[in-house]
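These notes are about the structure you will find just below.
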2 protein chains.
Amino acid sequence: MCQNRRMSNTKALPLIQADVEPCCPPLNERPLTVEEAERAAAMFKALGDPIRLRLFSQIAAHADGEACVCDISDVGVSQPTVSHHLKKLREAGLLTSERRGTWVYYRVAPSVMASLARSFSVSG
Amino acid sequence: MCQNRRMSNTKALPLIQADVEPCCPPLNERPLTVEEAERAAAMFKALGDPIRLRLFSQIAAHADGEACVCDISDVGVSQPTVSHHLKKLREAGLLTSERRGTWVYYRVAPSVMASLARSFSVSG
DNA sequence: GGTCTAAATTGACGTCTATCGAAACAGGTG
DNA sequence: CACCTGTTTCGATAGACGTCAATTTAGACC
């Protein structure tokens, strides 16, 4: 089940990286600009689906901060649908994926948690 | 434009309150349950529209933590659409509204900022 | 009461979205 | 090579979503 990911080749492979900027100021600091709102809303929109949010949570909560698709695909929808949701999360800049051998591992993109936490930090 | 809200009658009126529970644990603490994911996803979904996010930000960033609808309705969509979006944010438990005289004032529901910030706090 | 303004509601319209099955494709293993 | 894991594509469908014009509701004021 690849829960134990001891594999023969663990070399670094081509990452599918999304550019993750700090995104946005705290929501209560000042009104977001149109551009800021569009970027931040895209992230929230990606998290706005229960299935996607569970996938994200499973990855974020997984040991070593990364999870194989085969470990998280028991969310009640078909496998292509899982892949579809993971792609949405990737496109939103929330996840990165990396193929190592047979399996593909997902992890939360760098600084995403901090960036989103900052959105809700009280600045007043 | 009611920017100065000094009015004759400022008595307390029937609130349209949404029950705002702490909602959910940090996303990286453990995988969310189905119920937790549905509740949290509803909030993120409400914030997942650029217009709604700007409305929310304008209210959250407004002086005294509250804003009259007439102060925030210049987001480029019609008045009914603004009202529609504010209703969505209310139903998601993110905003509360209160009518005082002619105008309706919105504010961020209690503990919403802290609750959402907690979702992205690093617990590992 | 009549009129004005503020905001919510209604109804309709077009578009986007989530989901699926099936099939094809790409990388890696044995 | 066959086999496995995961992604992608292709319809296809049912439902949700954003938007608006028109209307209604609610309150203030004369």
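Values in this document were obtained by computation on a predicted structure and should not be read as measured data. Every chain is numbered from 1 and lettered A, B, ... according to where its sequence line falls, protein lines coming before strand lines. Computation of the quantities below employed the complete heavy-atom set of this structure, encompassing side-chain atoms and omitting hydrogens, waters and symmetry-equivalent molecules.
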Looking only at C:dA7, C:dA8, D:dT8, the nucleotide nearest the A:P80 side chain is D:dT8
Query - B:R118 side chain vs B:C24 backbone, donor-acceptor pair below 3.5 Å - result: yes
Separation of D:dT7 atom P from A:E98 atom CD, nearest Å, is 13 Å
note: B:Y105, atom OH; C:dA8, atom P; distance rounded to Å ~ 13 Å
A:R100 CZ to D:dG6 C1', in whole Å, measures 15 Å
Proximity of A:F120 and B:F56 rings by center, below 6.0 Å: no
Of the candidates C:dA8, C:dC20, D:dA28, the side chain of B:T102 sits closest to D:dA28
Of the listed D:dA26, D:dT7, D:dT9, the closest approach to the B:R99 side chain comes from D:dA26
Can you confirm whether B:R54 sits close enough to B:P50 that some side-chain heavy atom of one is under 4.5 Å from a side-chain heavy atom of the other? no
Between CH2 of A:W103 and P of D:dC3 the distance, given in whole Å, is 18 Å
From the candidates C:dA8, D:dT7, C:dT19, the one with an atom nearest any side-chain atom of A:V104 is D:dT7
Rounded to whole Å, the CD-P distance (A:E91 to C:dT17) equals 11 Å
Between NE2 of A:H85 and C1' of D:dT7 the distance, given in whole Å, is 15 Å
Is any side-chain heavy atom of B:V108 less than 4.5 Å from a side-chain heavy atom of B:L94?
no
Quick check on D:dT8: is either OP1 or OP2 less than 4.0 Å from any side-chain nitrogen or oxygen of A:R90?
yes
Query raised in the report: Do A:Q79 and A:S73 touch side chain to side chain, with heavy atoms closer than 4.5 Å?
Result: no
In this structure, CG of A:L89 is separated from CE of A:M43 (nearest 0.5 Å) by 11.0 Å
When you compare the protein's N or O atoms with those of nucleotides 14-17 of chain D, which come within less than 3.5 Å of each other, and at what distance?
residue, atom, partner, partner atom, Å
D:dC17, OP1, B:K45, NZ, 2.8

Side chain proximity check, A:V104 to A:C70, heavy atoms < 4.5 angstrom: no
task = Determine the contact category for A:S78: base if any of its heavy atoms lies under 4.0 Å from a base atom, sugar-phosphate if only primed atoms, P, OP1 or OP2 are that close, otherwise nothing.
result = sugar-phosphate
Closest of C:dC20, C:dT9, D:dT8 to the A:T81 side chain is C:dC20
A:D71 atom CG is separated from D:dG6 atom C1', nearest whole Å, by 13 Å
Rounded to whole Å, the CG-C1' distance (B:L86 to D:dG18) equals 14 Å
request  = Check if the side chain of B:Q79 and the base of C:dA8 share a donor-acceptor pair of N or O atoms closer than 3.5 Å.
outcome  = yes
